[in-house]
Number of protein chains: 2
Amino acid sequence: MHDKTEQPDEAGAMKRGRKRDASLDARLLDATLDVLAEVGAAGLTMDLVAARAGVGKATIYRRWTAKSELIIDAVAQMKRNQVDLEHLPDTGTLRGDLLGLFKPQSNEERERRLKIMTALASLLSQDPALAGAANGAVVEPWAAAHRALMERAVARGEISAAADIATLSQVIPSMAAYRSLVQRKSFDFTFLVSMVDGVILPALGIEPSPDHESSSPRRAARRTRPRTEPARRKS
Amino acid sequence: MHDKTEQPDEAGAMKRGRKRDASLDARLLDATLDVLAEVGAAGLTMDLVAARAGVGKATIYRRWTAKSELIIDAVAQMKRNQVDLEHLPDTGTLRGDLLGLFKPQSNEERERRLKIMTALASLLSQDPALAGAANGAVVEPWAAAHRALMERAVARGEISAAADIATLSQVIPSMAAYRSLVQRKSFDFTFLVSMVDGVILPALGIEPSPDHESSSPRRAARRTRPRTEPARRKS
DNA sequence: AAGTTCCGAAACTCTGCGGTATCGTTTTCC
DNA sequence: GGAAAACGATACCGCAGAGTTTCGGAACTT
């Protein structure tokens, strides 16, 4: 009661939704996701969420009955601003398309999503209803984008129709997620290029175009494998 | 950091190791992993671990200073009975080697590891040490095995020395971990085969040997890509 | 046998968090 | 302007769980 942080009362005009519940719900859900990303599911406390939202703890309980419900709603709301499947890059080559999906400015947001997903992983065992929520919110749309790009490359004859696109389209999104989540390495452009040029394109039988922005001295495996019998059992 | 591991006597004095502390540490670490797998990280309490190990809680605190350290040590210890880098399969072909890493009889153990990893996922955001331990205990040795197998394949001339082995060796372990951790799908032989035949071998320029145990109707992309210019840049 | 060391069990303290209640203030509605 | 509603803050309750301490007893040592 002694010192209280003044209400910021940002210059925003639509801050005045006092009556029903206007953007306050969204503010709370967003704060929940923030806290989730920062301290994980185990470390999430209602006081943290309330403080993060600049809100009294009671306010949260006026809108949600329990912590678990708050989290569920927060995650459900996360599905917005996804990869935009309607406006995929179209550079003419699969390599260009795949690299074109990379939005440097979205690194931060992607990191946040992945952290939320990690935090949720522990809850999945308790609440199977959310089993695919985290994956569906982050990796699946991403894989769908890759799949679409690859199918287009098949359609234009760039790669063989026999390629295992179902599997290949999951490789980069899954590895990126694991890399960020567990290995704690950033998913940067260098990693993306080494995945595209070192795994995906070679697997599809395409040599990485040696033109612009090769950005890396690596070259994929040559297709020139001699058809020699590969040294059977040493003994 | 806590055990000194004097002499590697194992089945020796399992009866009454009253003096120093021989197998008691291992018993506690094992109980920790058990509880972790059963109730998850959030539900793990020291009382549960103690009860599981048939031990007083005080005994645990005589050996570890805090719960977090116990968990870290338990996870780090999981590295054992993992992939044995000294006895890698040697079937003569990379495909056989990669598939040979799969131990069907370890389904139960793999399930346990999966649950442990899942339980750990929630802690990863809080404790970076755990993230390293989890990755180092499960994925890293596995990737090392893949790397070794691929390097051997290079040495015998089965695949090109230009292959991006550093990246490719991480693909299957990372994807398997992600699949188990987040997607909650089992890492079964079918998935392994589709990864090997649909991603790894095509990326290395090897056609999956159509001989024994194809076990799956899928076939990887043909290497018969016509050397047609693949529709470069649309303009 | 006596002494020492480590053990398992259980009682105990203390901290932190979920959830509730209260209060003074601010906003909206009429 | 005044009442009602919703707010932020904060004090409070109950409980669960991390560590601590204590104690009787078992096992190794000499």
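Here the structure is a predicted model, which means the values were calculated and not measured. To find a chain, count down the sequence lines: A is the first, B the second, and so on, and within it residues start at 1.
- Taking Ala66(A) as the reference, Ser68(A), Glu69(A) meet the side chain to side chain contact (heavy atoms under 4.5 Å, CB included) condition, with sequence neighbours excluded.
- Distance, Ile60(A) CD1 to dT10(D) P: 15 Å, rounded to whole Å.
- Between Met175(A) and Val199(A), the closest side-chain pair of non-hydrogen atoms is not below 4.5 Å.
- For residues 48-56 of chain B, proximity to DNA chain D is found at no residue, defined as any non-hydrogen atom under 4.0 angstrom from a strand atom.
- No donor-acceptor pair closer than 3.5 Å links the side chain of Ser23(B) to the backbone N or O of Ala26(B).
- In this model, the phosphate group of dG8(C) is approached by a side-chain N or O of Thr59(B) to a distance below 4.0 Å at OP1 or OP2.
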Can you give each donor-acceptor pair under 3.5 Å made by side-chain atoms of residues 33-42 of chain B, sequence neighbours left out, with the distance rounded to 0.1 Å?
unit_1, atom_1, unit_2, atom_2, d
Asp34(B), OD1, Arg112(B), NE, 3.0
Asp34(B), OD1, Arg112(B), NH2, 3.0
Asp34(B), OD2, Arg52(B), NH2, 3.3
Glu38(B), OE1, Arg52(B), NH1, 3.3
Glu38(B), OE2, Arg52(B), NH1, 2.8
Glu38(B), OE2, Arg52(B), NH2, 3.2

Can you give one letter per nucleotide of nucleotides 17-24 of chain D, going 5' to 3': B for a protein heavy atom under 4.0 Å from the base, S for sugar-phosphate only, - for none?
-> SSBBB---
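- Listed by first and then second residue, the salt bridge (Lys or Arg N to Asp or Glu O under 4.0 Å) pairs involving residues 42-51 of chain B are Asp47(B)-Lys57(B) (not counting sequence neighbours).
- Of the residues Val193(B), Leu192(B), Ile200(B), Asp197(B), the one that meets the side chain to side chain contact (heavy atoms under 4.5 Å, CB included) test with Leu98(B) is Ile200(B).
- Val75(B) is not listed as a side-chain neighbour of Leu29(B), based on a closest heavy-atom distance of 4.5 Å or more.
- Atom pair Leu28(B):CG and dG8(C):C1' shows a separation of 12 Å (rounding to whole Å applied).
- When the side-chain nitrogen and oxygen atoms of Arg27(A) are compared with OP1 and OP2 of dG8(D), one or more of them lie within a distance under 4.0 Å.
- In this structure, Leu24(A) atom CG and dT27(C) atom C1' are separated by 13 Å, rounded to whole Å.
- Shown here are the ring-ring contact (aromatic ring centres under 6.0 Å, His included) partners of Phe191(A), two or more places apart in sequence or in another chain: Phe187(A).
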